Amino acid sequence: LLISTIFGSGCTDNGNEGGDSRAVKSGDTVQVDYTGKLEDGTVFDTSKEDVAKQAGIYVDGSYAPITFVAGAGQMIKGFDKGVIGMKVGEEKTITIPPEEAYGEYDKSKILAIPVEKLNITNRSELPEAGQTLRDMSGNQYKVTAVNDTHITVDANHELAGKTLVFDIKLVSIE
């Protein structure tokens, strides 16, 4: 009877060397170390300082695992789905198509804005191609061209239309 009670209660060693045997489910708060790459292997983001330095994308700041609520829409859809079912310490690589990342590239998000609508008093204040602008709502626009009458901006996310590859490691489930 004691043996069946122990097995029935789940109080057995699962061979995980004292690790957390729970799997991530929607609603769990998790911490994940990650490295995000394009299909050609180019690293565009990481939570690891050494990887950032090696990839030439290091920016002063803190590098640490990201914390988010799985399934709550705080992350891109494919990343969110990728952590569901993982266990603490587990590592895997997930490939995320554009529709589960930042969407397909949308040519209708390329906008030509008349210079007079920018309320610029001095022509030297015009943005330059390559510069990133934000509107009052926090939306980002990359300036792609500037001439005497218009500036052309692209409102697509810089990773729109791209398949993303993430190496992830589940650090904790809270």
Side-chain angles (χ1 to χ4, degrees), residues 10 13-111 127-144 153-174:
D13 182 3
N14 61 8
N16 203 7
E17 297 176 15
D20 192 338
S21 64
R22 294 179 300 151
V24 175
K25 61 188 182 317
S26 190
D28 286 342
T29 298
V30 297
Q31 280 194 327
V32 176
D33 254 330
Y34 70 94
T35 298
K37 300 177 278 192
L38 302 177
E39 287 181 293
D40 67 3
T42 302
V43 174
F44 63 85
D45 195 15
T46 184
S47 62
K48 301 175 183 179
E49 185 172 349
D50 60 326
V51 173
K53 287 179 178 176
Q54 185 178 12
I57 62 168
Y58 178 78
V59 178
D60 282 337
S62 60
Y63 285 84
I66 54 170
T67 302
F68 63 98
V69 178
Q74 297 171 339
M75 305 297 289
I76 57 173
K77 187 185 297 185
F79 196 99
D80 232 358
K81 285 173 38 179
V83 299
I84 300 294
M86 288 184 74
K87 294 181 179 181
V88 172
E90 183 178 347
E91 298 181 41
K92 71 179 180 179
T93 298
I94 54 176
T95 300
I96 304 173
E99 60 273 14
E100 291 190 353
Y102 294 97
E104 295 294 342
Y105 188 85
D106 184 352
K107 289 182 182 180
S108 72
K109 290 185 176 183
I110 298 173
L111 312 168
E128 297 178 9
Q131 193 173 347
T132 300
L133 305 175
R134 287 188 190 275
D135 65 16
M136 297 203 303
S137 301
N139 299 314
Q140 278 190 218
Y141 304 86
K142 183 168 187 166
V143 178
T144 58
V153 297
D154 186 345
N156 283 287
H157 188 280
E158 65 183 319
L159 296 172
K162 298 187 180 340
T163 296
L164 308 180
V165 179
F166 284 91
D167 295 324
I168 59 177
K169 178 180 181 179
L170 184 66
V171 176
S172 71
I173 304 171
E174 295 174 21

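Because the structure is predicted, anything quoted here is derived from the model rather than measured.
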Handout entry: Option among I57, L38, V165 that satisfies the side chain to side chain contact (heavy atoms under 4.5 Å, CB included) test with V43
Key = I57

Short side-chain to backbone donor-acceptor contact, [X] and [Y], under 3.5 Å:
X	Y	result
Q74	V69	yes
D167	T35	no
D28	A70	no

Exercise for the section: Scan side-chain atoms only and decide if S47 and D33 contain a donor-acceptor pair under the 3.5 Å cut-off. Expected result: yes

Roughly how far, to the nearest 0.5 Å, is [atom2] of [Y] from [atom1] of [X]?
X	Y	atom1	atom2	answer
E99	T163	CD	OG1	7.5 Å
T95	E100	OG1	CD	11.0 Å
I173	Q31	CD1	CD	11.5 Å
E91	L170	CD	CG	10.5 Å

Problem - Test side-chain contact (heavy atoms from CB on, under 4.5 Å) applied to V83 and M75, step by step - result: CA-CA 11 Å; V83 299; M75 305 297 289; over 6 Å; no

Which atom pair, heavy atoms only, marks the closest approach of [X] to [Y]?
X	Y	value
G85	E90	O-OE1, 4.1 Å
V143	P127	CG2-CB, 4.0 Å
G71	S26	CA-OG, 3.6 Å
D80	A72	OD2-N, 3.7 Å
S108	L111	O-CD2, 3.8 Å
N156	E104	OD1-O, 4.1 Å

Completion exercise
So ring-ring contact (aromatic ring centres under 6.0 Å, His included) across residues 82-107, not counting sequence neighbours, yields Y102-H157

Exercise for the section: Scan for ring-ring contact (aromatic ring centres under 6.0 Å, His included) pairs involving residues 29-54, sequence neighbours excluded, and state none if there are none. Expected result: F44-F166

When you look at [atom1] of [X], are more than 12 heavy atoms from neighbouring residues, nucleotides or ligands closer to it than 6.0 Å?
X	atom1	value
K142	NZ	no
E174	CD	yes
K92	NZ	yes
Q54	CD	no

Expected list for residues 132-139: side-chain donor-acceptor pairs under 3.5 angstrom, two or more places apart:
residue : atom : partner : partner atom : Å
R134    : NH1  : G138    : O            : 3.2
R134    : NH1  : Q140    : OE1          : 3.3
R134    : NH2  : Q140    : OE1          : 2.9
D135    : OD1  : S137    : N            : 2.9
D135    : OD1  : G138    : N            : 3.0
D135    : OD1  : N139    : N            : 2.9
D135    : OD2  : N139    : ND2          : 3.1
D135    : OD2  : Y141    : OH           : 3.0

Practice task
Using the side-chain contact (heavy atoms from CB on, under 4.5 Å) rule, take L164 and I76 through it: C-alpha gap first, then chi angles, then the decisive distance, then the call.
Solution key: CA-CA 11 Å; L164 308 180; I76 57 173; 4.1 Å; yes

Exercise for the section: Decide yes or no on side-chain contact (heavy atoms from CB on, under 4.5 Å) for V30 and M86, but give the supporting numbers first. Expected result: CA-CA 10 Å; V30 297; M86 288 184 74; over 6 Å; no

